[in-house]
Amino acid sequence: MSHVEEFLTAEEEKEIVEAIVEAEKNTSGEIRVHIEASTKIDHFSRAQQVFHFLKMDNTKEGNGVLVYVAVDDKKFVIYGGQGIDRAVPKGFWDTTKDVMASHFKKGDFKQGIVEGILMAGKELEAHFPWNHNDTNELNDAISKG
């Protein structure tokens with residue numbers, strides 16, 4: 001079994017998807033999680049590629065957020081679309097990354113991802129509140145590379 005498949009249990013993946021659903025409940029923003037073994041390019045650039053590949057840059061308001069994890073590299077990136085990057089306060093992603101990293105250092109990857117998702121959801125809700133015309137533009141499932 002690959003490290004990507006071993007990274008989270010099926011139950012943990014289910015809890016992450018539930019966190020995405022919860023985080024998106026009150027916002028038009030979209031959150032995705034992508035997990036892969038490693039990358040040969042820098043992690044930020046790879047997160048940008050995955051963001052585009054998952055069509056996250058096609059959201060109406062540019063308010064997609066990707067949590068990218070490279071398991072074997074022990075690296076992760078939180079990447080927000082242009083709309084959300086313009087809206088969130090300076091240093092917001094650093095704060096979210098610090099919370100996630102504190103869980104990751106203890107080996108609690110699921111909880112780190114869940115908390116990062118919920119923090120992003122609250123911020124998205126503040127800047128991109130849900131309205132009755134909103135539809136879920138992107139799949140909530142975890143993608144793997």
Side-chain angles (χ1 to χ4, degrees), residues 2-9 11-130 134-145:
S2 78
H3 294 151
V4 172
E5 293 302 320
E6 295 169 348
F7 185 64
L8 298 167
T9 66
E11 181 60 32
E12 288 173 327
E13 286 189 20
K14 183 174 171 259
E15 290 178 49
I16 288 170
V17 171
E18 288 169 359
I20 292 170
V21 170
E22 179 65 28
E24 290 180 351
K25 195 183 299 181
N26 296 312
T27 178
S28 63
E30 297 287 341
I31 301 170
R32 295 287 313 264
V33 174
H34 181 81
I35 301 169
E36 61 187 20
S38 65
T39 181
K40 298 200 183 324
I41 62 175
D42 77 273
H43 296 90
F44 185 82
S45 295
R46 179 62 181 147
Q48 285 179 305
Q49 284 181 340
V50 171
F51 191 87
H52 180 71
F53 176 75
L54 295 175
K55 300 189 180 341
M56 296 186 71
D57 45 6
N58 292 349
T59 58
K60 194 169 39 180
E61 298 183 75
N63 56 1
V65 175
L66 174 67
V67 176
Y68 167 83
V69 181
V71 177
D72 293 345
D73 298 343
K74 296 183 172 37
K75 299 281 187 181
F76 73 99
V77 174
I78 306 163
Y79 185 82
Q82 291 179 340
I84 186 67
D85 263 356
R86 281 193 298 268
V88 296
K90 190 167 177 50
F92 172 75
W93 296 123
D94 293 332
T95 305
T96 306
K97 190 173 181 182
D98 291 345
V99 167
M100 291 176 66
S102 71
H103 287 287
F104 284 14
K105 285 177 185 152
K106 295 183 270 185
D108 195 351
F109 302 107
K110 185 268 305 181
Q111 193 58 38
I113 293 170
V114 165
E115 289 201 24
I117 288 166
L118 295 176
M119 288 177 74
K122 287 208 180 314
E123 199 64 30
L124 284 166
E125 181 181 350
H127 302 285
F128 302 96
W130 183 88
D134 285 336
T135 58
N136 191 6
E137 297 178 84
L138 301 173
N139 189 326
D140 294 333
I142 296 171
S143 65
K144 297 178 181 172

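Residue indices begin at 1 and follow the sequence shown.
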J.: Is the shortest heavy-atom distance from the side chain of Glu6 to the side chain of His3 under 4.5 Å?
T.: yes

J.: Looking only at heavy atoms, which two atoms of Ser38 and Ala70 are closest? And how far apart?
T.: CA-CB, 4.2 Å

J.: Would you say Glu24's side chain and Ile31's backbone share a donor-acceptor pair under 3.5 angstrom?
T.: yes

J.: Does a sphere of radius 6.0 Å around CD in Gln82 hold more than 12 heavy atoms from other residues, nucleotides or ligands, not counting ones at 6.0 Å or beyond?
T.: no

J.: For the NZ atom on Lys75, are there more than 12 heavy atoms of other groups (residues, nucleotides or ligands in this structure) within a distance under 6.0 Å?
T.: no

J.: To the nearest 0.5 Å, tell me how far Glu61 CD sits from Leu124 CG.
T.: 10.0 Å

J.: Quick check for you: to the nearest 0.5 Å, what is the distance between Phe7 atom CZ and Asp72 atom CG?
T.: 10.0 Å

J.: Please step through salt bridge (charged side-chain N to carboxylate O under 4.0 Å, His left out) for the pair Glu22 and Lys25, ending with a clear verdict.
T.: CA-CA 5 Å; Glu22 179 65 28; Lys25 195 183 299 181; 2.9 Å; yes

J.: Side-chain contact test, heavy atoms from C-beta onward, threshold under 4.5 Å: evaluate it for Ile78 versus Leu66 and give yes or no.
T.: no

J.: Can you spot which of Glu115, Gln111, Lys110 makes a side chain to side chain donor-acceptor pair (under 3.5 Å) with His103?
T.: Glu115

J.: To the nearest 0.5 Å, what is the distance between CD (Glu12) and CD1 (Ile142)?
T.: 9.5 Å

J.: Can you give me the closest heavy-atom contact between Asp42 and Ser45, atom names plus distance?
T.: OD1-OG, 2.6 Å

J.: Under the side chain to side chain donor-acceptor pair (under 3.5 Å) test against Tyr68, which residue among Glu36, His34, Arg32, Gln48 passes?
T.: Glu36

J.: List the atom of Gly112, the atom of Phe104, and the distance in Å for their closest heavy-atom pair.
T.: CA-CE1, 3.8 Å

J.: Can you see which heavy atom on Ala37 is nearest to which on Val4, and at what distance?
T.: N-CG2, 3.2 Å

J.: Can you tell me how far the CG atom of Leu118 sits from the CD1 atom of Ile113, to the nearest 0.5 Å?
T.: 12.0 Å

J.: So Glu123 and Thr96, do their side chains get closer than 4.5 Å, heavy atoms only?
T.: no

J.: Taking the side chain as C-beta and beyond, is there a heavy-atom pair between Trp93 and Asp85 under 4.5 Å?
T.: yes

J.: Keeping the roles fixed (side chain from Thr95, backbone from Gly91), state whether a donor-acceptor pair exists under 3.5 Å.
T.: yes

J.: Donor-acceptor pair, distance only, cut-off 3.5 Å: does the side chain of Thr39 make one with the backbone of Arg46?
T.: no

J.: If only side-chain N and O atoms count, and only distance matters, is there a donor-acceptor pair under 3.5 Å linking Ser28 with Asn63?
T.: yes

J.: Nearest 0.5 angstrom please: Phe128 CZ to Thr27 OG1, how far?
T.: 7.5 Å

J.: For Ala101 and Phe76, which heavy atoms make the closest approach, and how far apart are they?
T.: N-CZ, 3.9 Å

J.: Where is the tightest heavy-atom contact between Glu13 and Leu8, given as atom of each residue plus distance?
T.: CG-CB, 3.9 Å

J.: Do His127 and Arg86 pass the side-chain contact (heavy atoms from CB on, under 4.5 Å) test, and can you show the C-alpha distance, the side-chain angles, and the key distance before you say yes or no?
T.: CA-CA 10 Å; His127 302 285; Arg86 281 193 298 268; over 6 Å; no

